[in-house]
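Encoded as structure tokens, the structure appears first; notes follow it.
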Amino acid sequence: MAIPKILIVDDRPENLLALEGLLEPFNVELIKANSGEEALAHTLDHDFALILLDVQMPGMDGYEVAELMRGNKKNKHIPIIFVTAASKAPSHIFRGYESGAVDYLLKPLIPVMFQSKVGVFIELYEQKEALREKTQEFDRKLVELEELQQQLEETNEQLLLLSTTDGLTGLFNRRRFDEVLNEEWKRGIRSQQPLSFIILDIDHFKAYNDTYGHQAGDDCLREVARTLASVPLREMDKIARIGGEEFAIILPETDREGVMLAAERIRESIDELNIPHSSSLSHQHLTISVGVSTVVPDLAFSSRKLLEAADDALYEAKRRGRNCCCSTEVINQAVNL
Ligand SMILES: [Mg+2]
């Protein structure tokens, strides 16, 4: 903490010297002024713990100086003690208080009394400064805390994103897919609206990897993912990569006809990419097989049923020569291809 500063103002050098002597025991920095004007100038440059102000001075007297100081926001709260040899008449003393003095001492000063008063003001100033420093430190800590909190939130968001997305394609991963399916299954039980599901598999993908290498295989998976994401579906339809070359789409409130339209559009869009696939046993370019299932969710069975039914349909699509869509509908737990 900085050493407290005290401003002593008196037009007579011997009075300033006397005050200086009385203030000797204190660890303070003294600033001296011979006139009111000089005193006011000092208040612009320093922050004072206390001002000891002579009343009778040529030019601006102590009362005027005090009033001007009080009118200034920065100096408003600096305690002023008038030191005067003037009359002890109450009217003088009142004028001193009116102009903002906190005390009024008469010359000759009684050292013990004077020093005890000054000591109180220095202590008050030091307490105030300590409090100000603590407040500043607290504000700094608060800013730090807010920054940390912000970082934590960002990290959490990234973690959440990492834990729910597939690193290669940016689509939902298997974990998130299971969560969404579970939510939609429950919603379907309540709404009794049909829930549809698409599972699609890149045809002869192992052969593609063997022919073009794994880097090209990854590029191909990304291209398929991008295409799937660009097929105009509804906001509520969720796409995920659920296995190596397997993708799935959950379509709430969609019946068998609706999901078949979407599935066919997706199959076509991959077909139209015309990605060369020389080792494909069925076509000369990259294709997908699509299995579709539709069910009205029921408490009597689980969402597994929907996945199994789509798997059956996918198997059927593979059996029919690939690059096509097959659908199933689950009615009373029986899967109808
Ligand atoms: Mg004087």
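Just so it is clear, the model here is predicted, and its values are computed rather than measured. Just so you know, ligand 1 is whichever comes first in the structure, and atom 1 is the first atom listed for that ligand.
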What heavy-atom pair brings S163 and N173 nearest, and what distance separates the two atoms? O-ND2, 3.0 Å

Between Y63 and F82, is the ring centre distance below 6.0 Å? yes

Distance flag, aromatic centroids of F177 and F197, threshold under 6.0 Å: yes

Got an N, O or S from Q56 under 2.8 Å of the Mg ion (ligand 1)? yes

Once the angle between the rings of H285 and H283 is folded into 0 to 90°, is it parallel (under 30°), tilted (30 to 60°) or perpendicular (over 60°)? perpendicular

Shortest-distance N/O/S atom, D54 versus the Mg ion (ligand 1): OD2

What N, O or S atom of D11 is found closest to the Mg ion (ligand 1)? OD1

